[in-house]
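What follows is a set of notes on a single structure, which appears directly below.
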Amino acid sequence: MTTPELSKTNGSTGTTGAPVPVTVARGDGIGPEIMDATLRVLTAAGARLAVEEIQIGEAVYARGHSAGIEPGAWESLRRTRVFLKAPITTPQGGGFKSLNVTIRKSLGLFANVRPCVAYPPFVPTRHPKMDVVIVRENEEDLYAGIEHRQTDEVTQCLKLISRPGCERIARYAFEYARRHGRSKVTCMTKDNIMKLTDGLFHRVFDEVAADYPDLVAEHWIVDIGTAKLADTPEAFDVIVTPNLYGDVLSDVAAQIAGSVGLAGSANVGEHAAMFEAIHGSAPTLAGQDAANPSGLLLAAVMMLVHIGQPEVAERVHNAWLATLEAGVATADVTGPGVGPVGTRAFADAVIDRLGQQPTTLPAVTYPAGQPQLAVPTATARPAPAKTMDGVDVFLHHDDRDPDALAALLREAGDGVGLDLTMITNRGVKVWPDGLPETFCTDHWRARFQSSRPGAASRAEVVDLLRRLDRAGLDFVKTEGLYRFDGEPGYSLGQGQ
Ligand code: NAD
């Protein structure tokens with residue numbers, strides 16, 4: 001695979017010394033307190049920011065905006081293209097959309113980068129050598145939000161994985177590893193079960209890895225990989241993974257490094273970037289001056305690097321490390337015998353140490369003059385030849401006798417040119433030769449295939465559906481059985 005063109009994330013002007021426009025939201029719960037602490041530290045450190053505030057979260061949901069953000073706020077986000085965001089409280093119940101998912105997808109923030117680092121002995125952890133960065137795909141997978149109830153008993157969520165999506169996130173992970181002097185990129189998927197979707201992610205990872213021979217590339221099945229991460233995180237360096245696994249893995253990683261209150265994240269796309277703590281709005285801590293501002297502060301450090309102010313990022317990060325070393329900590333991370341300080345006092349302690357370096361923990365350096373980490377675009381590929389073998393018809397059918405259903409389907413579909421070859425229930429083959437022990441729901445899949453591979457037509461599918469309808473069979477969806485350059489693009493579907 002050849003390295004495709006790399007595009008610039010945004011047009012930041014940080015190196016010129018002029019203030020960089022940045023959109024800021026104070027959020028809900030502990031959000032306003034930790035944002036106030038963070039902005040005070042940034043200002044004291046000499047960050048050149050032109051802050052534009054927008055309101056998001058509870059109050060905006062309450063005004064009837066289903067995603068917790070007002071139309072006018074998008075104008076600021078699209079102009080500044082840099083968003084420092086405090087956590088919000090997501091309202092419970094139907095009718096509300098996740099603000100985070102909406103922002104990530106609307107602005108195309110495809111990469112979620114979460115460094116999870118241990119700070120022994122200042123933050124208690126069982127994994128003192130841990131230093132892992134999770135690069136999570138941010139737009140696809142089960143988070144596409146395409147869900148349907150199809151029958152009385154069965155609901156469905158679509159898992160969408162695209163080749164360009166896989167290529168961009170894999171390439172971003174390798175570019176990130178190179179830029180940050182890391183040596184290994186680990187891909188985690190469940191491709192032993194999801195051979196097409198996770199299989200694509202793994203395959204594209206392997207293809208991209210070939211362009212980075214200086215870096216070790218490996219793959220773990222995500223279940224044992226997560227167990228290994230929880231037990232021996234020092235075995236990992238950079239981890240790249242689809243959206244859902246990344247969501248779980250990054251919280252596990254942050255927690256075992258010390259505290260979810262310590263980790264920041266960057267959501268990066270071609271046109272914009274959003275920086276936030278990984279934790280939520282912790283409503284029970286709100287208004288008590290007790291929350292740890294570190295996650296948002298470290299997210300702001302990533303933002304400073306992104307907008308071309310690495311020298312300020314370095315001052316803030318090292319002052320923060322020196323503060324930890326001085327035993328100053330909020331209640332979520334204090335070790336035995338260390339009295340906690342409040343949010344404001346913690347920020348003051350960081351401000352007092354601006355210009356200092358840590359002495360035990362390794363100091364960080366953010367080299368000046370580096371261009372922004374480029375955002376990869378996907379390689380253009382010729383379209384494969386697409387043919388159709390047949391169709392899977394999903395049915396809502398209350399009677400639980402597979403043989404009786406097969407008889408109905410064969411009678412209804414007789415003469416169409418597509419033969420009934422299989423019936424499954426929740427992916428398990430129940431006809432022909434099913435087992436009476438198999439538990440069946442009211443949701444069936446009937447596979448109809450042409451006798452010759454690639455010879456089925458859409459007209460035959462429409463004809464089949466018309467006949468099933470006439471026979472009173474309630475089809476709830478169809479999936480075409482396609483071949484791409486002769487390769488089947490569908491699973492055997494026998495619960496393998
Ligand atoms: P949470 O992260 O808010 O809290 C989990 C636990 O961690 C709580 O015990 C909390 O007190 C503690 N905690 C979190 N941040 C802390 C900090 N900075 N300092 C000290 N302790 C901290 O998760 P939750 O309770 O599941 O969610 C609360 C709300 O936040 C929900 O409405 C949820 O939807 C929302 N949420 C928002 C975001 C976001 O805006 N990015 C992310 C996650 C959750």
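Counting starts at 1 for both ligands and their atoms, in listed order. Since the structure is predicted, the reported quantities are computational estimates derived from the model, not experimental observations. Just the heavy atoms: all of them, side chains too, but no hydrogens, waters or symmetry mates, feed the values below.
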Would you call [X] and [Y] a side-chain contact if the rule is heavy atoms closer than 4.5 Å?
{"X": "Leu158", "Y": "Gln156", "answer": "yes"}
{"X": "Pro91", "Y": "Glu58", "answer": "no"}
{"X": "Ile103", "Y": "Met274", "answer": "yes"}
{"X": "Arg179", "Y": "Pro371", "answer": "yes"}

Determine whether any heavy atom of Lys85 lies closer than 4.0 Å to an atom of ligand 1. yes
Measure the distances from the heavy atoms of Gly295 to every atom of ligand 1 and state whether one is below 4.0 angstrom. no
Distance-only N or O hit between ligand 1 and [X], under 3.5 Å:
{"X": "Thr284", "result": "no"}
{"X": "Gly280", "result": "yes"}
{"X": "Ala291", "result": "no"}
{"X": "Ala282", "result": "yes"}

For [atom], is the nearest protein heavy atom under 4.0 Å away?
{"atom": "atom 19 (N) of ligand 1", "result": "yes"}
{"atom": "atom 12 (C) of ligand 1", "result": "no"}
{"atom": "atom 29 (C) of ligand 1", "result": "yes"}

At a non-hydrogen distance cut-off of under 4.0 Å, which region of [X] contacts ligand 1 (side chain, backbone, both, or neither)?
{"X": "Asn100", "answer": "side chain"}
{"X": "Ser294", "answer": "neither"}
{"X": "Ile30", "answer": "side chain"}
{"X": "Asn292", "answer": "both"}
{"X": "Leu285", "answer": "side chain"}

Compute whether any side-chain donor of one residue and acceptor of the other, for [X] and [Y], lie under 3.5 angstrom apart.
{"X": "Glu52", "Y": "Ser76", "answer": "yes"}
{"X": "Ser98", "Y": "Asn100", "answer": "no"}
{"X": "Ser162", "Y": "Glu140", "answer": "yes"}

With Val240, the side-chain contact (heavy atoms from CB on, under 4.5 Å) member among Phe174, Phe201, Tyr172: Phe201
Closest non-hydrogen atom pair, Ala363 against Pro358: CA-CG, 3.6 Å
Closest protein heavy atom to [atom], given as residue, atom name and distance to 0.1 Å:
{"atom": "atom 34 (O) of ligand 1", "value": "Thr90 OG1, 3.0 Å"}
{"atom": "atom 14 (C) of ligand 1", "value": "His279 CB, 3.7 Å"}
{"atom": "atom 7 (O) of ligand 1", "value": "Val260 CG2, 4.0 Å"}
{"atom": "atom 25 (O) of ligand 1", "value": "Pro283 CD, 4.7 Å"}
{"atom": "atom 40 (O) of ligand 1", "value": "Ile88 N, 3.0 Å"}

dist Ile56:CD1 -> Thr102:OG1 (nearest 0.5 Å) comes out at 11.0 Å
Walk me through it: do Asp191 and Arg203 pass the test salt bridge (Lys or Arg N to Asp or Glu O under 4.0 Å)? CA-CA 10 Å; Asp191 66 339; Arg203 196 165 68 248; over 6 Å; no
With under 30° as parallel and over 60° as perpendicular, where do the rings of His202 and His219 fit, or are they tilted in between? parallel
